[in-house]
2 protein chains.
Amino acid sequence: MTENANDRSLKTTVTTLRIIELLRERDGAGVTEIARELDIAPSTAHTHVTTLESQEYVVKEGETYHLGLRFLGLGNFVRTRKRKFGKAEHYTNVLSEESERRSIFTVEEHGRGVYVHTAPGKHGVWTQSTVGKRVYLHSTASGKAILAHMPAERVREIIDRVGLPKETEQTIHDEEALFDELAEIRERGYALNVEEQISGVRAVGAPVLGPDGGVFGALSVAGPSNRMKGEQFDRLTEVLLGIAEELELSIALS
Amino acid sequence: MTENANDRSLKTTVTTLRIIELLRERDGAGVTEIARELDIAPSTAHTHVTTLESQEYVVKEGETYHLGLRFLGLGNFVRTRKRKFGKAEHYTNVLSEESERRSIFTVEEHGRGVYVHTAPGKHGVWTQSTVGKRVYLHSTASGKAILAHMPAERVREIIDRVGLPKETEQTIHDEEALFDELAEIRERGYALNVEEQISGVRAVGAPVLGPDGGVFGALSVAGPSNRMKGEQFDRLTEVLLGIAEELELSIALS
DNA sequence: TAGTGTTTTCGCCTCTCCCGAATACCAGTT
DNA sequence: AACTGGTATTCGGGAGAGGCGAAAACACTA
């Protein structure tokens, strides 16, 4: 569930990456803090962080080190790397307008869901800051929509790698139950998330399939449970499925 | 001008970062290609790249390794880290609309200018993809606007570090000439770039000062030389200066 | 089946990274 | 000014990790 036992990973590289992660989480940190947190000698932390600084990946502001803007370029690169992502962005925005709910386009990577584009709902201050967020596939509408269209073997691999951790009381944490749900999703054409990730929040997700039949990603809309009910909800689902299909088409034609 | 001689940088970390850079430039690469390019053994390249993969920073697509979406999160983080950047984004868009030219908000880091926000001009397909781009300070309008409001000592440090490389025939590559120009820019209130970075392209840049008097960044508009002339141009400059001032105000009040 | 180019595994040697101790630095506090 | 607790930073030496090279696995073509 956690880590590599016998592998030949580079220890140095791994700690460097850990430091980068830490600098993001803490929004900057000093040498001592890093050392304490990662359980390494302060001098070691110092060498790492100064290496990152000399390579211009990190900036020093007073006594604390921060992630530098070099990551802006890298982030922007991966976002625009695939043409399809551009299309997805457009339709995410359309979805947000038509549904008046917050909308997300998610893809799978390393067994997790990653938010590639997000758009706020009508009342939405909620925004961009969640781009790049990693979520579980089994506890989200888009995640389940994606899993439903993967080979079962691959799904099993993912479960082995990341597990089925409970996020709320509703989270599916049983493999068989998950596979049943996935079958249902395939039939129905869309996936639901009934407070399985965050209590009080529901979502609907639709898969976006590539021309090869493989799954490219998923579109989803989310909102507070009381605004995701009844006939209003049925309309929402229709809008979602329509736009997902448009996106599929747009990808297939490009 | 180039590199560290005696320093204690971590060699392993440095090659890891080099590989990341390479994967961006080439948009993915195989083990052999990496090894050849960085002049290391293929087996070494392999260990690096698999380490990055196991840490989920890199994905393997067939035989080539690509940067993964983890960089999306990091990039998004540094973009939204400073509130002020949010304000700057808004005014960059406003500038683009009012000037009908492509507009950029730039900040300094490690002696280079980094595009933090960009907006296309009227005819603009040209867009986002340049976010995160690093440019020289001495050969760009925004860069010179920034330099003009830095302590002379700091400017000299930067020149020592990155030099004054010629990008076109017009590029200032003499220290004294640069300082003269910076003085002029301070008086005038804005900076010009007359085909000093790219031939055929001119730009105007205005500094954006923080409440402390230090320079926060610069706004600039750019376009083909023939559309950056005469009274049309004067109007452009006025618009630019007005918006830069609004941005300053907005920052000071927050 | 042989042949080219690749990726990947693995043992070994060396060089590099990590630690610890010493030093420098910085703000308060007395 | 001297003392104190907290930092960051420098530096030498030892252990262990990273890099190489050889060889094996693999993929495609002919």
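Order of the sequence lines fixes the chain letters, A, B, ..., with proteins taken first and strands second; residue numbering starts at 1 for each chain.
- Between the CG atom in A/Leu182 and the NE2 atom in A/His149 there is a gap of 9.0 Å [rounded to 0.5 Å].
- The line from CG of B/Asp39 to CD1 of B/Ile34 is 14.0 Å long, rounded to the nearest 0.5 Å.
- No side-chain donor-acceptor contact under 3.5 Å links B/Ser142 to the backbone of B/Leu219.
- The stretch residues 57-70 of chain B touches DNA chain C through B/Lys60, B/Glu63, B/Tyr65, each having a heavy atom within less than 4.0 Å of the strand.
- Whole-Å rounding puts the B/Glu33 CD to C/dT8 C1' distance at 18 Å.
- Shown here is B/Asp212, whose CG atom has more than 12 heavy atoms of other residues, nucleotides or ligands within 6.0 Å.
- A donor atom on one side chain and an acceptor atom on the other are not found under 3.5 Å apart for A/Thr13 and B/Thr51.
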Quiz item: Just by protein heavy atoms under 4.0 Å, how would nucleotides 10-23 of chain D read 5' to 3' in B, S and -?
Solution: BBB-----SSBB--

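- Between B/Glu175 and B/Arg156, some side-chain heavy-atom pair lies under the 4.5 Å cut-off.
- Rounded to the nearest 0.5 angstrom, B/Tyr65 OH and B/His46 NE2 are separated by 4.5 Å.
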Distances for protein N or O near nucleotides 3-5 of chain C N or O, under 3.5 Å:
none

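- In this pair, B/Phe105 and B/Phe216 present their aromatic rings tilted. The plane angle is within the 30 to 60° band.
- Among A/Glu109, A/Arg81, A/Arg79, the single residue meeting the side chain to side chain contact (heavy atoms under 4.5 Å, CB included) criterion with B/Leu69 is A/Glu109.
- The line from NE2 of A/His48 to OG of A/Ser43 is 10.0 Å long, rounded to the nearest 0.5 Å.
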